[in-house]
Amino acid sequence: MATVWGNELIHRLLAGRCELCEERVGLQVHHIRKLADLDKPGRPERPSWIRLMAMRKRKTLVVCQTCHQDIRAGRATTSPRT
């Protein structure tokens with residue numbers, strides 16, 4: 001049985017678009033261990049994907065393969081459309 005949060009992630013996946021650039025192919029889920037990981041000290045400016053996850057208070061983000069690779073490599077991503 002899916003939880004309320006699980007249902008929310010399922011709905012975001014079923015929307016079928018990257019939450020950063022709105023690409024519709026190659027979707028993946030980026031996941032962090034805990035929300036506190038988003039506020040690492042010493043980071044001069046938080047990237048747009050971190051701001052989006054913090055604003056939504058969610059540990060997951062549905063992204064395309066390109067955005068996911070950029071996140072994992074520490075590169076800038078497209079600004080999310082909220």
Side-chain angles (χ1 to χ4, degrees):
M1 182 171 172
T3 64
V4 173
W5 300 120
N7 284 336
E8 188 254 345
L9 177 58
I10 290 168
H11 288 291
R12 290 169 41 215
L13 280 166
L14 289 174
R17 65 176 178 79
C18 174
E19 294 177 332
L20 295 176
C21 72
E22 298 193 354
E23 178 67 48
R24 295 194 170 272
V25 295
L27 296 179
Q28 304 174 357
V29 177
H30 180 68
H31 182 269
I32 59 169
R33 290 186 186 144
K34 53 188 174 181
L35 288 172
D37 289 345
L38 297 176
D39 289 324
K40 289 185 178 176
R43 181 176 275 150
E45 182 180 335
R46 297 186 324 172
S48 59
W49 66 270
I50 288 180
R51 290 192 304 269
L52 180 61
M53 291 179 87
M55 179 184 74
R56 291 181 175 176
K57 294 186 172 113
R58 294 290 177 265
K59 297 190 300 183
T60 57
L61 194 61
V62 176
V63 293
C64 66
Q65 183 176 359
T66 302
C67 286
H68 201 194
Q69 288 172 347
D70 289 344
I71 288 170
R72 295 186 59 82
R75 294 186 294 262
T77 57
T78 305
S79 294
R81 297 175 189 217
T82 54

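If you're wondering where the values come from, they're calculated on a predicted model, not measured in any experiment.
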4.5 Å side-chain heavy-atom contact, R58 and M53: no

Any side-chain heavy-atom pair from C18 and L27 closer than 4.5 angstrom? yes

Measure across T60 and R12 and return the closest heavy-atom pair with its distance rounded to 0.1 Å.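 Between these two residues, the closest heavy atoms are O-NH2, 2.8 Å.
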
Looking at every non-hydrogen atom in both residues, tell me the closest pair between R24 and A15 and how far apart they are.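 Smallest heavy-atom distance, with atoms named: NH1-O, 3.4 Å.
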
In terms of hydrophobic clusters joined by side-chain contacts under 4.5 Å, are M55 and I71 together?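 Yes: a chain of side-chain contacts under 4.5 Å links M55 to I71.
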
Would you say that more than 12 heavy atoms from the other residues, nucleotides or ligands in this model lie under 6.0 Å from the CZ of R75, or not? yes

Qualifying residues under side-chain contact (heavy atoms from CB on, under 4.5 Å), relative to L13, sequence neighbours excluded: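 Counting only residues at least two positions away or on another chain, L13 forms a side-chain contact (heavy atoms from CB on, under 4.5 Å) with L9, V29, V62.
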
Please identify each residue that fulfils side-chain contact (heavy atoms from CB on, under 4.5 Å) with Q28, with sequence neighbours left out.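 Counting only residues at least two positions away or on another chain, Q28 forms a side-chain contact (heavy atoms from CB on, under 4.5 Å) with Q65, H68.
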
Give a yes or no on whether a salt bridge exists between E19 and R56, defined as a side-chain N under 4.0 angstrom from a carboxylate O. yes

Identify which one of D70, L61, T66 satisfies the side chain to side chain contact (heavy atoms under 4.5 Å, CB included) criterion when paired with L20. L61

